[in-house]
Number of protein chains: 2
Amino acid sequence: MTDVGRLAGVSQVTVSRALSSPQKVSPQTLQRIEDAIRQTGYVPNAVAGALASNKSNLVAALMPSVTNIVYSSMLHAFSDIMWGHGYQIMFSETGFDLDREEKAIATHLSRRPDAMLLTGIHHSPGARRMLVNTGIPVVEVWDITDTPIDCCVGFSHAGAGIAAADFAIGAGYRHAVTITAGDERARRRRDAFTTRFAKLSQTEVPAVDFDTSASLGLGRQALARVLEQGVSPGTVLFCSSDQFAQGLLAEAAARGLSVPRDIAVIGFGDQEFAAYTEPSLTSIRIDRQILGQLAANALVDRFAIGTTLNAVHDVGFELVRRASA
Amino acid sequence: MTDVGRLAGVSQVTVSRALSSPQKVSPQTLQRIEDAIRQTGYVPNAVAGALASNKSNLVAALMPSVTNIVYSSMLHAFSDIMWGHGYQIMFSETGFDLDREEKAIATHLSRRPDAMLLTGIHHSPGARRMLVNTGIPVVEVWDITDTPIDCCVGFSHAGAGIAAADFAIGAGYRHAVTITAGDERARRRRDAFTTRFAKLSQTEVPAVDFDTSASLGLGRQALARVLEQGVSPGTVLFCSSDQFAQGLLAEAAARGLSVPRDIAVIGFGDQEFAAYTEPSLTSIRIDRQILGQLAANALVDRFAIGTTLNAVHDVGFELVRRASA
DNA sequence: GTGAAAGCGCTAACAT
DNA sequence: ATGTTAGCGCTTTCAC
């Protein structure tokens with residue numbers, strides 16, 4: 001920057017101003033500085049800038065997994081808007097593990113991000129403490145609570161489970177089994193579903209639980225397990241993910257079972273393929289695009305006016321009925 | 001850090017040392033410093049550290065899209081390894097747009113990353129210049145070239161197109177149509193396929209091209225377009241993505257067409273669902289996990305020994321034959 | 001094993 | 001509209 005200034009015949013500060021607030025520099029000077037920048041191939045050092053101004057224009061985004069479309073589409077929408085406002089994204093995967101999340105938070109905080117996006121509302125005490133101490137804007141997504149660290153944008157997982165149970169009962173199913181991945185939020189949906197369905201149907205609701213992420217292959221295994229235990233005809237399977245549901249459908253087809261006659265299937269996430277499976281998949285839809293955008297906007301508002309209007313934003317969900325249940 | 005030092009009765013430098021090279025500090029002092037850190041809730045400032053040491057422990061990763069599993073799984077593998085080596089990831093989406101990529105590169109370079117991952121081997125002249133000027137390690141992934149900026153890990157897209165054509169001819173197909181998304185690498189696969197297939201079959205290979213990303217819905221549209229133009233029985237459709245292929249399959253089922261008898265389908269990417277579609281999908285598989293890992297390792301080697309052994313790493317691909325072709 | 005001094009490349013505050 | 005000065009919180013270098 002000093003070099004650029006020398007070449008343009010001005011001081012280093014003027015170069016700094018030319019870059020950050022060009023209107024404060026006379027047009028001629030600005031021109032000479034721009035030329036000098038081009039000649040020298042000067043690349044600003046945002047690290048020094050961040051240190052001096054105590055503003056990094058960096059936002060940290062933590063999520064369980066990028067390979068899951070459910071999170072990556074949120075990240076996409078979020079980063080798109082943040083980028084538009086001049087922020088860059090540092091990201092880490094936390095894999096449904098609070099300890100890993102705490103470590104990631106600590107590391108990210110050392111970079112002095114201007115804000116942080118966290119997936120979920122449950123965090124280790126240490127994580128919460130660090131976040132509260134630094135006082136940066138934090139948005140928790142994909143869930144809601146009355147006591148967010150700062151603000152949150154999501155939906156009620158218990159609500160989704162209840163909605164699925166009510167739908168299933170309304171559709172005439174009197175038996176159910178849950179298929180659940182190793183994810184705390186999925187378990188909360190399962191529990192709400194099970195409680196509600198059991199109450200309304202007066203039957204037990206067996207559970208098939210995995211302690212890893214959902215996948216097509218596990219979905220196939222799940223059906224095998226369900227059939228081993230024996231199912232009444234007209235049982236509905238409530239899955240914690242469309243991945244499971246797709247696997248279930250594939251396995252049912254392979255075994256010559258008719259869906260939804262022999263077994264009915266409800267997915268979660270309403271992924272693009274849900275409309276195109278055979279039979280098409282009944283699922284719970286969350287607008288991830290909107291969710292990511294609202295999360296970004298919450299932070300941007302927070303930067304601008306110092307506080308968010310609505311600390312808790314429920315984006316809701318929608319049960320999309322198709323052919324599988 | 002000064003505060004911590006005061007509390008521990010040592011100078012600020014000693015605290016710095018205790019953090020970066022504990023073995024250079026006496027055990028007692030270390031203990032007192034650790035206590036002081038805990039008491040004060042001190043969080044290191046990596047921004048200042050990066051400025052002073054000219055080492056950011058930050059790696060930039062640019063890719064067209066995170067919502068595409070093909071890229072996100074690479075990112076996952078890459079960031080996993082980099083994180084294990086103490087690096088954090090700054091990421092941006094570039095959306096198959098070289099101008100956007102150039103802007104993103106410039107912005108990222110201002111953060112002084114220690115290395116950069118780029119998707120693809122084609123970049124704007126400006127982007128290339130900046131990268132060469134800074135001289136940081138750069139790994140280009142998902143493609144190969146004899147003239148990488150620094151090093152690259154990928155496979156030959158032309159090779160994949162040729163392999164698909166050879167396979168189709170070998171399987172007895174004498175007519176083909178290509179379905180291609182708005183992606184330069186997809187077009188290169190298409191062109192190689194078309195040239196080879198046309199030569200071997202002595203027929204024309206019509207193209208259905210889109211200028212956006214592949215999706216299931218577009219795949220359905222693609223079949224409609226293909227059928228409008230009229231296809232000979234036993235035509236094989238070479239898709240630039242499994243998404244297209246899945247859409248094609250869905251549309252074929254909806255129209256009562258038999259796959260592969262009426263039309264055959266070859267996908268690209270071998271996504272998890274490829275084995276479970278009806279009929280199961282013949283596709284081209286790339287080991288994205290390995291690809292991401294090799295990219296990370298190339299950078300880590302570069303940090304350690306200053307140069308990579310193999311600047312160009314061809315991870316290859318595998319045509320996985322299933323029922324659709 | 002520990003400390004003092006210098007400086008990384010910027011921005012902020014104040015002066016002109 | 002431009003320059004001067006100070007300093008952000010570390011690491012590096014050199015002393016002791």
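Here is the naming used below: chain letters follow the sequence lines, and residue numbers restart at 1 for every chain.
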- [ ] Calculate the interatomic distance between N54(A) atom CG and dC10(D) atom C1'; express it in whole Å.
- [x] 14 Å
Open item on the list: If we count only N and O atoms by modelled type, under 3.5 Å, do the side chains of S124(B) and E102(B) hold a donor and an acceptor together?
Closed with: yes
- [ ] For residues H76(B) and F78(B), establish whether the separation of their ring centroids is below 6.0 Å.
- [x] no
TODO: Considering non-hydrogen atoms only, spot the tightest contact between A115(B) and F303(B) and give its length.
DONE: CB-CZ, 3.5 Å
Open item on the list: Output the rounded distance in Å from CE (M1(B)) to P (dT12(D)).
Closed with: 11 Å
Task: Spacing between R32(B) atom CZ and dG1(C) atom P, to the nearest angstrom - done: 14 Å
Open item on the list: Please give me every residue in residues 9-30 of chain B whose heavy atoms get under 4.0 Å of an atom in DNA chain D, ordered by residue number.
Closed with: Q12(B), V13(B), S16(B)
Open item on the list: In whole Å, I'd like the distance from the CD1 atom of I33(B) to the C1' atom of dG1(C).
Closed with: 11 Å
Task: Residue pair D114(B) / L58(B), side-chain heavy-atom distance below 4.5 Å - done: no
Task: Spacing of N45(A) atom CG relative to dG7(C) atom P, expressed in whole Å - done: 18 Å
Open item on the list: I need the CG-C1' distance between L51(B) and dC8(D), as an integer number of Å.
Closed with: 9 Å
Open item on the list: From CZ of R111(A) over to P of dC10(D), roughly how many Å is that when rounded to an integer?
Closed with: 13 Å
Task: Residues D143(B), R185(B): salt bridge by 4.0 Å N-O rule - done: no
Task: SB check D35(B) R32(B) (cutoff 4.0 Å) - done: no
- [ ] Find the distance K55(B):NZ to dC10(D):C1' and express it as a whole number of Å.
- [x] 15 Å
